[in-house]
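These numbers come from a predicted model, not from an experiment.
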Amino acid sequence: MAVREILAGMPWWVKWVAIPLLALFVFGGLITSVLTFVVAVLFKVLLFVALVAGLVYVVRKFSSSARSRGDW
């Protein structure tokens with residue numbers, strides 16, 4: 001409750017502008033590194049999914065063409 005009482009006497013711009021800017025200044029590097037890590041992991045997951053889908057496509061394409069040649 002002490003923090004709430006302290007913030008109650010402050011102007012609105014301190015609560016909604018100054019404190020978030022200070023938090024970004026202090027934790028900005030941490031936030032940036034976490035976001036970079038998350039984006040890198042998502043990119044690698046999407047790349048993995050695309051490669052697996054391409055592999056499945058190629059295998060099905062060649063296995064279906066091998067079956068059709070056996071029909072001749």
Side-chain angles (χ1 to χ4, degrees):
M1 292 300 260
V3 174
R4 214 175 256 184
E5 292 170 1
I6 291 172
L7 289 177
M10 297 288 166
W12 67 269
W13 60 269
V14 172
K15 292 185 252 187
W16 298 106
V17 177
I19 293 174
L21 285 178
L22 283 173
L24 280 175
F25 178 73
V26 172
F27 297 109
L30 176 66
I31 293 169
T32 303
S33 59
V34 167
L35 285 176
T36 302
F37 175 75
V38 168
V39 169
V41 168
L42 286 175
F43 175 75
K44 288 179 182 180
V45 166
L46 287 174
L47 181 64
F48 176 74
V49 168
L51 288 173
V52 169
L55 179 65
V56 168
Y57 174 78
V58 168
V59 168
R60 285 189 176 180
K61 182 96 170 160
F62 281 117
S63 64
S64 69
S65 68
R67 270 190 243 131
S68 64
R69 273 190 258 143
D71 292 341
W72 285 88

Group every Ile, Leu, Val, Met, Phe, Trp and Tyr by side-chain heavy-atom contacts under 4.5 Å, then state whether [X] and [Y] land in the same group.
{"X": "Trp16", "Y": "Ile6", "result": "yes"}
{"X": "Val3", "Y": "Trp12", "result": "yes"}
{"X": "Val14", "Y": "Phe25", "result": "no"}

Side chains of residues 29-57: which donor-acceptor partners sit under 3.5 Å, not counting sequence neighbours?
residue: Thr32; atom: OG1; partner: Gly28; partner atom: O; Å: 2.8
residue: Ser33; atom: OG; partner: Gly29; partner atom: O; Å: 3.2
residue: Ser33; atom: OG; partner: Leu30; partner atom: O; Å: 2.9
residue: Thr36; atom: OG1; partner: Thr32; partner atom: O; Å: 2.7

Listed by chain and number, what are the side-chain contact (heavy atoms from CB on, under 4.5 Å) partners of [X], not counting sequence neighbours?
{"X": "Val58", "result": "Phe62"}
{"X": "Leu22", "result": "none"}
{"X": "Pro20", "result": "none"}

| field | Which atom of Met10 lies closest to which atom of Lys15, heavy atoms considered | value | O-CE, 3.7 Å
